[in-house]
Enquirer: 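Input: one structure, supplied below.
Residue numbers start from 1 in every chain, and the chains themselves are labelled A, B, ... in the order their sequence lines are given, proteins ahead of strands.
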Amino acid sequence: MKAIIIDDERLARAELRRILAAHPEIEIAGEASNGDQALALVAQTLPDLLFLDVQMPGLTGFDVLERLEDIPQVIFTTAYDQYAIKAFEVNALDYLLKPIAPARLASALAKVRPATGSGRLERVFVRDGEHCWIVLLADIFLLESDGNYTRVHFNGHHPLIRRSLNALEAQLDPAVFFRANRQEILNLKWIDKVDLGVSGGLVATLKNGRTIEMSRRQSGKLREILSL
Amino acid sequence: MRSAVHTAELRALEAQINPHFLFNSLNSIRGLVVEDPRKAQDMITRFAALLRYNLNHDRQHTVPLSQEAEVVEDYLALESVRFEGRLKVQFTVDPAAESLQVPPMILQALVENALKHGIAKRPEGGDVRIHATAQNGVLVLEVENSGELAAARPAADTDTQIGLNNIRERLRLLYGDRASLSLKNGDGVVAATVRIPTTA
C-alpha cells in the first residue's frame, strides 16, 4: 500500500512517519509540504492512500482533493478541524487528531481497503458551496451533462462538478457506466428494469425509481450488453 | 471602581489561546522529544508559562509590558518550532516602555494575528517585526507582518475581524477614547499599531 504524507510542518510529517513505522504494509512514497507539491507528488507516485493535513498555506487539504482527478483513499490529519471533516458526507476513511495516538492510527489503517489496481476511476471529490463529498463511483447512479459541468447524482445529492460529461466518460469503466444519450450516463448496476418506450427506444428504470430514456443508437447497444 | 458587568465584559473579550496553535504545538513537541530532547524540555516549559499566563491573567486587568513580552517570546519560540525557517522575527522593546502597563494578551493577540496572515497562510513564510516604544505619554505597540490586508481580498476573514474588534472593545472599556488600534497596509507589509495612554 503506497501512501504519501501531506503536511506543511516538517516535524508533523516526521512524527507521522515514526508512528507509521509500526505498519510495514504502508510504504511512504513521499512527503509534500504544501498543496502544489502534493498535486505533483500524487501525479508522480499514484498513491493508494493520502495522509492529508486540512490547514496548509496556499491550497488547503480540501483544495487539493478538488484538483485531483482520481481520489485515493484519504485519512485527514488535523489539529482542530474535526468539525469541518465530520461535515464531510462520506468516504473519507477517517480523520486523525494531532498529536496522533498510535492506537488511533492503527484503527484508521484497519479501514484501508487493498488497492484494486484497476487503473479505473474509483472516487471523485465533489464540492458544492459549503458541502464536500468524496463519492464512490459505485454510489453514483446518474451523471448528467450541464454545459462544461456534470451533475452527479448520488445518495439524494446532485451537485455539479467542474468536468464535462465527455471528459468523465473517458475515465469510467464501460462495464459499469453506460452512455444513455447525449446528456446522461447511467450506472448499469443501478438498473432495476428496462422497458420499451413510446418513441421506440429503451427506458431504464433505476432501483430508486428514476427513469432514463436511451437514444435510438444506444438502445441497440444496451440490448447487446443486457442480452435482451 | 469597576462594575461586575464591566469586568465580565472584559473577561469575555480577553483572547483565548487558539486551539489550532495549542494542538499543533503539542504535536511539534511530540516530534521534538525524539529529535531534540533538550529543546523539547525547553518548549514544554514555555508552553506551561504561556498556558499559566492565559489562565491566570484575568483577575488583574493590566500587567507590565515586560511580563507580556516574556509570554510573547514564549509564544514565538513555540511557533518557530512549528514554522521552522518560514518564521523570521525581530522583537524590540524600548527599555523606557518595559514597566508600562498593558492589558494582558493584547500584544500576544496582535502577534498571533500577524503570524496567522504573515506566516501560516504563505508557503514561503515571512517576517514579523514587533516594536514597543514610549512616546510622549503614550505606549506604542507596533506589529508588522509580510502580506496584504484581508480587506483587499474579496472574502474578508471573519475570525480576524472578531479578534481585532475584541481588541478595540477591550481598549475602549479600559481607556475610553484615549487608546486606539489602527491597521495599515503598503509595500507588502501589514502593520497593526496599538496606542495606550501611560497614565491611568
Side-chain angles (χ1 to χ4, degrees), chain A residues 5-22 31-41 51-64 67 75-86 95-105 127 129-130, chain B residues 16-44 46-47 77-88 112 114-128 145-148 150 153 155 157-160:
Chain A
I5 299 173
I6 305 163
D7 194 306
D8 58 317
E9 292 174 36
R10 183 194 63 81
L11 273 167
R13 296 193 302 272
E15 183 60 14
L16 180 52
R17 210 179 246 277
R18 274 189 289 270
I19 315 177
L20 277 169
E31 295 180 7
S33 66
N34 61 53
D36 289 322
Q37 273 183 24
L39 292 173
L41 189 62
F51 290 97
L52 182 59
D53 186 18
V54 178
Q55 277 217 333
M56 292 186 291
L59 303 179
T60 67
F62 297 153
D63 294 333
V64 168
R67 283 162 176 77
I75 295 177
F76 286 106
T77 63
T78 183
Y80 199 63
D81 282 316
Q82 64 269 38
Y83 305 107
I85 296 166
K86 277 183 186 166
Y95 61 90
L96 297 170
L97 295 176
K98 295 188 248 185
I100 297 166
R104 193 63 190 71
L105 173 68
R127 180 190 269 181
E130 296 280 287
Chain B
Q16 303 294 314
I17 290 185
N18 173 349
H20 271 284
F21 161 72
L22 207 71
F23 294 111
N24 276 319
S25 280
L26 284 170
N27 194 45
S28 310
I29 292 170
R30 195 177 196 278
L32 275 184
V33 168
V34 178
E35 287 189 8
D36 189 345
R38 290 187 73 118
K39 194 167 180 186
Q41 288 178 320
D42 178 37
M43 290 304 144
I44 289 169
R46 288 179 184 273
F47 195 81
L78 288 160
E79 291 285 48
S80 299
V81 168
R82 275 180 65 196
F83 293 123
E84 299 193 313
R86 288 170 57 211
L87 171 59
K88 291 181 280 294
E112 195 170 311
L115 260 64
K116 185 174 158 197
H117 294 285
I119 313 296
K121 291 189 176 168
R122 298 157 55 90
E124 72 280 19
D127 295 288
V128 170
N145 64 268
S146 313
E148 301 293 329
R153 295 195 300 269
D157 185 327
T158 44
D159 280 358
T160 303

Enquirer: Quick check: closest heavy atoms across B/Ala120 and A/Pro57, and the distance to 0.1 Å?
Expert: O-CB, 3.0 Å
Enquirer: Under a 4.0 Å N-O cut-off, is there an ion pair linking A/Asp8 with B/Arg86?
Expert: yes
Enquirer: Output the distance between atom CG (B/Asn24) and atom CG (A/Leu11), rounded to the nearest 0.5 Å.
Expert: 11.0 Å
Enquirer: Given that the side chain runs from C-beta out, which part of A/Ala14 has a heavy atom under 4.5 Å from chain B: side chain, backbone, both or neither?
Expert: side chain
Enquirer: Hey, mind stepping through B/Glu35 and A/Arg18 against side-chain contact (heavy atoms from CB on, under 4.5 Å) and telling me if it holds?
Expert: CA-CA 11 Å; B/Glu35 287 189 8; A/Arg18 274 189 289 270; 3.8 Å; yes
Enquirer: Roughly how far, to the nearest 0.5 Å, is the CE atom of A/Met56 from the NZ atom of B/Lys121?
Expert: 14.5 Å
Enquirer: Taking all heavy atoms of B/Arg30 and all of A/Pro99, pick out the closest pair and write down the distance.
Expert: CD-CB, 3.7 Å
Enquirer: Is it the side chain or the backbone of A/Leu59 that comes within 4.5 Å of chain B heavy atoms, both, or neither?
Expert: neither
Enquirer: Measure across A/Lys98 and B/Phe23 and return the closest heavy-atom pair with its distance rounded to 0.1 Å.
Expert: O-CB, 3.6 Å
Enquirer: Relative to chain A, which segment of B/Val34 carries a heavy atom at a distance below 4.5 Å: side chain, backbone, both, or neither?
Expert: side chain
Enquirer: So for B/Leu32, is it side chain, backbone, both, or neither that comes closer than 4.5 Å to the heavy atoms of chain A?
Expert: both
